[in-house]
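Beneath this line is the structure, given in structure tokens, with notes to follow.
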Amino acid sequence: VEFLLKKNNVFIFNGVGSFLDKSTIQIKTEGGSTKISSKNIIVSTGAKPRVLKGLEPDHKNIWTYRDALVADSIPKSILIVGAGVIGIEFAYFFNSLGSKVSVIDIEENILSTADFEISDYAYRQLKNQGIEFIFASKVEKIIKKGDQVSVTILNNNLKKTNNYHKILSAVGTDANIDGLNLEKVGIDLQGGLIKVDSFCRTNIEGVFAIGDVTEGPWLAHKASHEGILVAEKIAGKKPKALDVNKIPACVYSNPQIASIGLGEKEAKNKYKDISIGKFPFSANGKALTEGEEVGFIKTIFVKNTGELVGAHMVGSEVTELIHGFSIGMSLESTEEELMNTIYPHPTLSEMIHESVLNAFDRALHI
């Protein structure tokens, strides 16, 4: 990335930046400070691990996800607080390396924002791998005991105490906005995030914000796309507004999970009459040949228009397949166009075709 920046004549100033006014940034360094003025400024300061009271990280016994990325050893046992994307990815990772993994969440299922069938299927697969899940519960008290941590877990009025070698707090992120002097410029915030429109514009002319300092989904590819969108907007081009419903999301566990658009419950609430198609990995020749029969693909259409409004996958390499639905939604493809598309054989991508066919009772291979 540094090479690409230099190649494109981007100047980098290392230091701590903050607004002096809407067109001036002050950068403080050990040797002093520098002021930079510009007609356009983009805030792209990312996010930091969220810290809950009682779960303050000491970076030894209690980790943030950043600590987990640079761990100097694999813990014998670990309690992961939070069953969202970050928690599930680390749960799979440490379990596959031999740790005894437990995951606790205040909700009653994993990946609470995912389509319910996908999250339930993934939960059962991960549980079968040996990961323990503790739902509808929270951490009440932590006591450090040498190289272990004693954790009191509260479920309704029932308390249970277990010992773990590490605790990983994976309860989300908070925007890195402290010290930016946003209030001095008058930039609007909402829920601790910088409020922007579909072109990433703040309420202050010439000031944009992208990535994890704005409303989710908090994904690297969303932030990258926003950066391109804003650069083109500033350059006088005419980029399309960001549509958050057409941003694919991926979970890099095993099985992998990928989705785009609305889940079944949300689609029913919005459109009432929908068509749902499903196709399992176990009926796909390529998946069977590779020994990857676990998983399925689910597609959701508006019945009377054929509009594709959601696609959800769980299984091997689904993060490599979701782009097919991304393209389809971007082109506003209907079920007829997707059904008449020729998919190569033998491939996993044939399951996309079959799930669409199944939504309209036309599946061939099941």
Side-chain angles (χ1 to χ4, degrees), residues 46-114 119-155 158-174 176 212 218-220 250-257 294 314 316 319:
K48 58 192 173 186
R50 179 170 295 160
V51 175
L52 296 182
K53 186 176 181 181
L55 268 175
E56 293 84 359
D58 60 8
H59 311 296
K60 181 181 178 183
N61 297 104
I62 304 175
W63 285 348
T64 68
Y65 59 82
R66 291 186 179 177
D67 297 316
L69 288 170
V70 294
D72 56 9
S73 63
I74 305 302
K76 293 179 181 178
S77 61
I78 183 169
L79 174 67
I80 298 177
V81 183
V85 174
I86 295 173
I88 292 303
E89 289 182 340
F90 274 112
Y92 159 69
F93 174 75
F94 282 113
N95 184 69
S96 68
L97 293 178
S99 297
K100 173 58 181 172
V101 177
S102 299
V103 181
I104 183 173
D105 199 282
I106 197 69
E107 302 289 342
E108 295 188 353
N109 58 327
I110 69 171
L111 304 170
S112 58
T113 60
S119 63
D120 183 63
Y121 188 93
Y123 155 70
R124 286 186 277 114
Q125 294 299 319
L126 293 167
K127 184 180 179 182
N128 288 341
Q129 293 172 24
I131 299 173
E132 178 190 23
F133 291 94
I134 308 168
F135 293 129
S137 302
K138 64 179 181 179
V139 173
E140 185 182 65
K141 186 168 64 174
I142 295 173
I143 300 175
K144 299 174 186 177
K145 294 182 176 180
D147 65 345
Q148 294 191 46
V149 183
S150 175
V151 180
T152 300
I153 295 170
L154 179 64
N155 175 272
L158 299 176
K159 294 183 180 181
K160 183 172 70 171
T161 300
N162 291 325
N163 293 329
Y164 303 92
H165 287 87
K166 301 290 181 184
I167 297 177
L168 169 56
S169 179
V171 291
T173 61
D174 289 321
N176 281 323
D212 290 357
W218 300 284
L219 303 165
C250 302
V251 182
Y252 295 93
S253 55
N254 186 11
Q256 293 182 10
I257 301 164
V294 170
V314 56
S316 174
T319 57

Are [X] and [Y] side-chain neighbours, meaning at least one heavy-atom pair lies under 4.5 Å?
X    : Y    : answer
I257 : L111 : yes
V149 : K166 : no
I153 : I104 : yes
Y252 : V85  : no

Do the side-chain N and O atoms of Q256 and T319 include a donor-acceptor pair separated by under 3.5 angstrom?
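Short answer, yes.
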
About how many Å separate [atom2] of [Y] and [atom1] of [X], when rounded to the nearest 0.5 Å?
X    : Y    : atom1 : atom2 : answer
N95  : S253 : CG    : OG    : 11.5 Å
N61  : I142 : CG    : CD1   : 9.5 Å
I167 : I62  : CD1   : CD1   : 5.0 Å
L69  : W63  : CG    : CH2   : 10.0 Å
I78  : F90  : CD1   : CZ    : 8.5 Å
I88  : L126 : CD1   : CG    : 6.0 Å

Would you name the heavy atoms of [X] and [Y] that are closest together and state the gap between them?
X    : Y    : result
S169 : L55  : OG-CD1, 4.3 Å
Q129 : Y92  : OE1-CD1, 3.8 Å
V103 : A91  : CG2-CB, 3.7 Å
I86  : A170 : CG2-CB, 3.9 Å
P255 : V314 : CG-CG2, 3.7 Å

Has the side chain of [X] got a donor or acceptor atom that lies under 3.5 Å from a matching backbone atom of [Y]?
X    : Y    : answer
N176 : A47  : yes
E56  : G54  : yes
K76  : Y164 : no
T64  : R66  : yes
D105 : A83  : yes

Students often mix this up, so state it plainly: with edges at 30° and 60°, are the rings of F133 and Y123 parallel, tilted or perpendicular?
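Answer is perpendicular, since the angle exceeds 60°.
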
Please name all residues satisfying side-chain hydrogen bond (donor to acceptor under 3.5 Å, both in side chains) with N163, sequence neighbours left out, ordered by chain then number.
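side-chain hydrogen bond (donor to acceptor under 3.5 Å, both in side chains) list for N163, sorted by chain: empty.
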
So if I apply the side-chain hydrogen bond (donor to acceptor under 3.5 Å, both in side chains) rule between H165 and each of S73, S99, S77, which one comes out positive?
S77

Pairs meeting criterion side-chain hydrogen bond (donor to acceptor under 3.5 Å, both in side chains) with involvement of residues 130-154, two or more places apart:
D58-K144, S102-E132, S137-N155, E140-K159, T152-T161

Could you walk me through whether V139 and V81 satisfy the side chain to side chain contact (heavy atoms under 4.5 Å, CB included) test, starting with their C-alpha distance in whole Å, then the side-chain angles of each, then the deciding distance to 0.1 Å, before giving a yes or no?
CA-CA 8 Å; V139 173; V81 183; 4.1 Å; yes

K48: salt bridge (charged side-chain N to carboxylate O under 4.0 Å, His left out) partners, not counting sequence neighbours:
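By the salt bridge (charged side-chain N to carboxylate O under 4.0 Å, His left out) rule, K48 matches D178.
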
Are more than 12 heavy atoms from other residues, nucleotides or ligands located less than 6.0 Å from atom CD of E108?
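Result for CD/E108: open.
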
